[in-house]
Amino acid sequence: PNMLAYAAAKHAVLGMTRTAAKDLAAIGVRVCAVAPGLLEGAMWDHQVRCQATCRKAAEAAAGRDESSPPLAEVEVDGADVLAQEQRMIAGTALKRLGTLDEVASVVAFLCSDDASYLTGNVVVIDGGRFC
């Protein structure tokens, strides 16, 4: 839920990466991007809590009547968050979160001479989430 702006920004990165790669190749500049998936950290914690809250609000809305509390009062507990986390991780082929170090390793490779023939690429680092 509420991912429209995020998805638009991700797609903009793809277009900008490809365009910049073409524009800058003549002066020897390579342009690549990384598209990380589910990673440990504060953004993950926030996203899981938001997803758990939206799920609980949707469940509450389905059984609402006039005596129900306002949806704004929906709160999640640790069990709700853990269940949502497990659902999200289950969607990855590797069944785990990635780490910032794993992303940094890919970025280091892209900056190295070993990647000298790569430009205009977006490297997806998502543990097989969208394969």
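Position 1 is the first residue of the sequence, and the numbers go up from there.
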Checklist line | Residue pairs passing the side chain to side chain donor-acceptor pair (under 3.5 Å) test where at least one lies in residues 109-122, sequence neighbours excluded | finding: none
Next item on the list: Answer whether the closest heavy-atom distance between the side chains of Thr92 and Asp126 falls below 4.5 Å.
Entry: no
Notebook entry, point to check: Can you tell me how far CD of Glu102 sits from CD of Glu40, rounded to the nearest 0.5 angstrom?
Noted result: 8.0 Å
Notebook entry, point to check: Has Lys10 got more than 12 heavy atoms of other residues, nucleotides or ligands less than 6.0 Å from its NZ?
Noted result: yes
Next item on the list: Please write out which residues are connected to Leu97 in a hydrophobic cluster, directly or through intermediates, given that two of Ile, Leu, Val, Met, Phe, Trp, Tyr count as joined at side-chain heavy-atom separations below 4.5 angstrom.
Entry: Leu38, Trp44, Val48, Val76, Val81, Met88, Ile89
Next item on the list: Locate the shortest heavy-atom distance separating Glu75 from Asp80; write the atom from each residue and the value.
Entry: O-OD2, 4.2 Å
Next item on the list: Looking only at non-hydrogen atoms, find the nearest pair between Gly120 and Cys32 and report the distance.
Entry: N-SG, 4.2 Å
Notebook entry, point to check: Taking atom CZ of Arg87 and atom CG of Leu82, what is their separation to the nearest 0.5 Å?
Noted result: 9.5 Å
Check: Partners of Ile125 by side-chain contact (heavy atoms from CB on, under 4.5 Å), sequence neighbours excluded?
Finding: Val34, Val103, Val106, Val123
Check: When rounded to the nearest 0.5 angstrom, what distance separates CD in Gln51 from NE2 in His46?
Finding: 10.0 Å
Next item on the list: Consider only side-chain heavy atoms of I, L, V, M, F, W and Y, link residues closer than 4.5 Å, and tell whether Leu100 and Val124 are in one cluster.
Entry: no
Next item on the list: Determine whether more than 12 heavy atoms belonging to other residues, nucleotides or ligands lie under 6.0 Å from atom CZ of Arg30.
Entry: yes
Next item on the list: Spell out, yes or no, whether Leu39 and Val107 are grouped together once hydrophobic residues are joined by side-chain heavy atoms under 4.5 Å, including indirect joins.
Entry: yes
